[in-house]
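Step one of this worksheet: look at the structure below.
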Protein chains: 2
Amino acid sequence: MDNKKISGSGPQSPPERPTLKTIAFMTGLGITTVSRALKDAPDIGAETKERVRMVARQLGYQPNRAGVRLRTGKTNVIALVLSIDEEIMGFTSQMVFGISEVLAGTQYHLVITPHSHSKDPLVPVRYILDTGSADGVIISRTEPDDPRVRLMDERGLPFATHGRTDMGIVHPFHDFDNEAFTHEAVRALVAKGRRRLALLQPSSKLSYYAHTRIGFQIGLHEYGAEEIPLRVTTDAPLADIRDSVEALMRSSHPPDGIVCSSGGGAIAVNAGIEAAGFRLGRDIDMVAKQSTDVLNWIRPEIITIYEDVRHGGRELAKAVIARIDGIEPELLQSISSPVWPKS
Amino acid sequence: MDNKKISGSGPQSPPERPTLKTIAFMTGLGITTVSRALKDAPDIGAETKERVRMVARQLGYQPNRAGVRLRTGKTNVIALVLSIDEEIMGFTSQMVFGISEVLAGTQYHLVITPHSHSKDPLVPVRYILDTGSADGVIISRTEPDDPRVRLMDERGLPFATHGRTDMGIVHPFHDFDNEAFTHEAVRALVAKGRRRLALLQPSSKLSYYAHTRIGFQIGLHEYGAEEIPLRVTTDAPLADIRDSVEALMRSSHPPDGIVCSSGGGAIAVNAGIEAAGFRLGRDIDMVAKQSTDVLNWIRPEIITIYEDVRHGGRELAKAVIARIDGIEPELLQSISSPVWPKS
DNA sequence: CATTCGTACTGTATCGTTACAGTTTTGCTC
DNA sequence: GAGCAAAACTGTAACGATACAGTACGAATG
């Protein structure tokens, strides 16, 4: 608001934030020289660079972001596009923490770009493109044919997705191996003697729906089990999940094992099971994926597999930055494996 | 990176992002006039303003943030200072969602400024002050005598805190009424015939420790109950909480009621109770504060009180913005009451 | 010795915006 | 009709950084 600058415009008043001008004045060099020295340009003498760097460090110089951004277009911002709709288990926090951890060691700031997933998902992406407000973007809830991916790819905006796509575009991503998860989950249930398995799966719009299904079905086939279909998805309100599961349990042909693709869902599934008068570990077993360890605390009978979302955040952050730096996208793809509990 | 500008520097190539220059060219006015017209300055003719606004809307003009920031120092950024240490129940997500909701209707962007709460808490605040990277700041984990508050107040940086302070500085805040919470919790437990009450309280460094204690003690006195001291705090690892509670339950004088200041803690407390062979609702009752409704799902016997953190985020965002706009801090303080479940 | 070259450094213009100090036009006063 | 004020508009400089096109100067070249 009110500039407390001590009138005199020269760089002689120390409490002000140092700029290139300040350093130029102190070293007796030109502003350009200072700028290039700090960038380690080849046409600056070694000794000069040293001197400039010393003074810069001494003054605690930090380039003015607005200046850089205006001149070069580089924002030093990574945008995380977030759905702000209800979410129970703190998935988002973990993602944010992971990204923050990586960005903390860089010049990048993390900007949260919210959107409601009832609205057009392209809105935030278009905003970023139109205003040039970020150097890179991280998105989640990726779909097999994702319009956001198409748009960003087309416009050359670096990005990384949480989840894969299947549209012939090679781009950075990080994903959890949901196929391995459901596959192993089936194996674990069959090992416990369960044969009639239900699956609480993600919305069929999302990319990992297919992986989830494939692993499940291969598992069924391989280990000789049958599917008891469950109609709700992980996106449904918890009350709906509970009700569906309760109904299924009360049906004539209830499952004796259930695989659950989300931690929040698992809680509702458990409630449904208990509401129908069944007990985990006795009448039925459950394998659930979770991103925190709450489930183990509330029903140790639930077999849990851990998805390290914080690690996912770190990978995604590293991937966008690498992409911004021009690394080829095929080198920036990673899939993390399900982690079984230690015991 | 590579500017795809179509060489010719005039404003005649439409696909480029429009600037004041573009509008000036299209209206035949000067850049200054356009700038002032869009700001509704008094020295611009009404008809001109109208014309400029029309063209601006038509072009989808959005002021270049870097330009504004460089010239005026206004960043249009609100920084949320976040502890990225473990957190179980998605408290952070809710806060972020609430803030985002409010900022979405403004020019402000939300930047996450992480820090580890083992490090000096002043680091992120100093960074923001030194680099002028935000117009306003939101902090949490407020302490009664909080050095961050002192620093920001001293330097005139607008901010709002989640939690009150007690240091003679009047500043915007939003808080949950923890005193009412513990007070009512005690009443609820006594109403169930419980008299020997334990309290899982926050770290004594935090502001709401005192409120929590006061409400609890007034409650004890008013309703005639005694405290069974519990040594751990909500900040302790869940395993420690469980062990402490288990030990307490096995002691010669175990509590028959417990008040729990955090949802994550409640899960561990419950585990401790059960590990000692007791059962909620039969041998002991628990009242817990939570910011999601997980607890109701996992142990309906837990009496829960809801803290609407998302609403807290909204309040904080509105408060910082109002403070930036010069509203007096005493008008920007709010406390939200405990919400009992509907039933 | 004049020319060329390479090294090390510098000045100017520019990104988009706004503060400030004008300028022009019109209308009014005396 | 000279003088003045208000209304409406405009040009220039500046914020801090960098791209680009220089300049100065000593050393190598022919």
Side-chain angles (χ1 to χ4, degrees), chain A residues 1-5 7-11 16-25 27-52 56 59-76 107 130-133, chain B residues 1-5 7-11 16-25 27-52 56 59-76 107 130-133:
Chain A
M1 302 282 118
D2 45 355
N3 266 342
K4 288 244 176 95
K5 195 159 201 164
S7 68
S9 67
E16 276 308 309
R17 170 141 119 99
T19 67
L20 289 180
K21 199 156 143 194
T22 322
I23 303 178
F25 178 83
T27 54
L29 294 163
I31 295 178
T32 303
T33 311
V34 173
S35 171
R36 301 191 50 71
L38 290 172
K39 302 214 121 46
D40 201 22
D43 63 347
I44 304 294
E47 196 214 4
T48 304
K49 283 183 190 168
E50 198 48 48
R51 224 153 49 85
V52 169
L59 290 174
Y61 170 74
Q62 299 214 233
N64 180 303
R65 309 191 120 231
V68 175
R69 181 162 169 180
L70 183 58
R71 181 67 241 247
T72 65
K74 177 129 222 250
T75 62
N76 286 300
Q107 280 304 308
D130 289 350
T131 61
S133 56
Chain B
M1 295 282 119
D2 46 355
N3 267 343
K4 287 241 177 97
K5 194 160 203 163
S7 65
S9 68
E16 277 305 313
R17 169 137 120 100
T19 67
L20 290 180
K21 198 156 142 193
T22 322
I23 302 178
F25 177 82
T27 53
L29 295 163
I31 295 180
T32 303
T33 311
V34 174
S35 172
R36 300 190 52 74
L38 289 172
K39 299 215 123 48
D40 202 23
D43 62 349
I44 305 294
E47 196 213 3
T48 303
K49 282 182 189 168
E50 199 47 48
R51 223 150 52 81
V52 169
L59 290 173
Y61 169 73
Q62 300 214 232
N64 180 303
R65 310 188 119 232
V68 175
R69 178 161 170 180
L70 182 56
R71 182 65 242 246
T72 65
K74 176 128 221 249
T75 62
N76 285 299
Q107 281 304 309
D130 289 350
T131 62
S133 55

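Throughout, a chain's letter reflects where its sequence line sits, starting with A, and its residues are numbered from 1. Keep in mind it's a predicted model, so treat the numbers as computed, not measured.
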If I take atom NZ in residue A/K49 and atom C1' in nucleotide C/dT7, what distance separates them, rounded to the nearest angstrom?
12 Å
Which residues pass the side-chain contact (heavy atoms from CB on, under 4.5 Å) test with A/I31, not counting sequence neighbours?
A/L20, A/K21, A/A24
So, A/R17 side chain and A/Q62 main chain: donor-acceptor pair closer than 3.5 Å or not?
yes
Run the salt bridge (charged side-chain N to carboxylate O under 4.0 Å, His left out) test against B/R36 and tell me which residues pass, sequence neighbours left out.
B/D43
Indicate, with a heavy-atom threshold strictly under 4.0 Å, whether A/G30 touches base, sugar-phosphate, or nothing.
sugar-phosphate
Can you measure A/K21 atom NZ to C/dG11 atom P for me and round it to whole angstrom units?
13 Å
Measure CZ/A/R69 against C1'/C/dG16 and give the value in whole Å, please.
12 Å
Residues which pass side chain to side chain donor-acceptor pair (under 3.5 Å) with A/T27, listed by chain and number, not counting sequence neighbours
none
Would you mind reporting whether B/I23 and B/Y61 have side-chain heavy atoms less than 4.5 Å apart?
yes
Measure CZ/A/R65 against P/C/dT17 and give the value in whole Å, please.
20 Å
A/T48 has a side chain; which of D/dC15, D/dA17, C/dC9 sits nearest to it?
C/dC9
Between B/T33 and A/L70, whichever has its closest DNA chain D nucleotide further toward 5' is B/T33
Restricting to side chain to side chain donor-acceptor pair (under 3.5 Å), what partner residues turn up for A/S133, sequence neighbours left out?
A/T131
Here the distance between atom C1' of C/dT17 and atom CD of B/Q62, to the nearest Å, is 15 Å
Atom CZ of B/R51 and atom C1' of D/dC9 are separated, to the nearest Å, by 12 Å
Report the end-to-end axis angle of the helix from C/dC1-D/dG30 to C/dC30-D/dG1; each axis comes from five terminal pairs, and the value is rounded to 10°.
70°
Once you round it to whole Å, what is the distance between C1' of D/dA7 and CD of B/E47?
14 Å
Distances under 3.5 Å between nitrogen or oxygen atoms of protein and nucleotides 18-22 of chain C:
unit_1, atom_1, unit_2, atom_2, d
C/dT18, OP1, B/K39, NZ, 2.6
C/dT18, OP2, B/S35, OG, 2.7
C/dT18, O2, B/R71, NH1, 2.2

Which residues pass the side chain to side chain donor-acceptor pair (under 3.5 Å) test with A/D130, sequence neighbours left out?
none
Across all chains, not counting sequence neighbours, the side chain to side chain donor-acceptor pair (under 3.5 Å) partners of A/R51 are none
Using whole Å, report how far CG of A/N64 lies from P of D/dG16.
6 Å
Residues 61-71 of chain B vs salt bridge (charged side-chain N to carboxylate O under 4.0 Å, His left out), sequence neighbours excluded, gives none
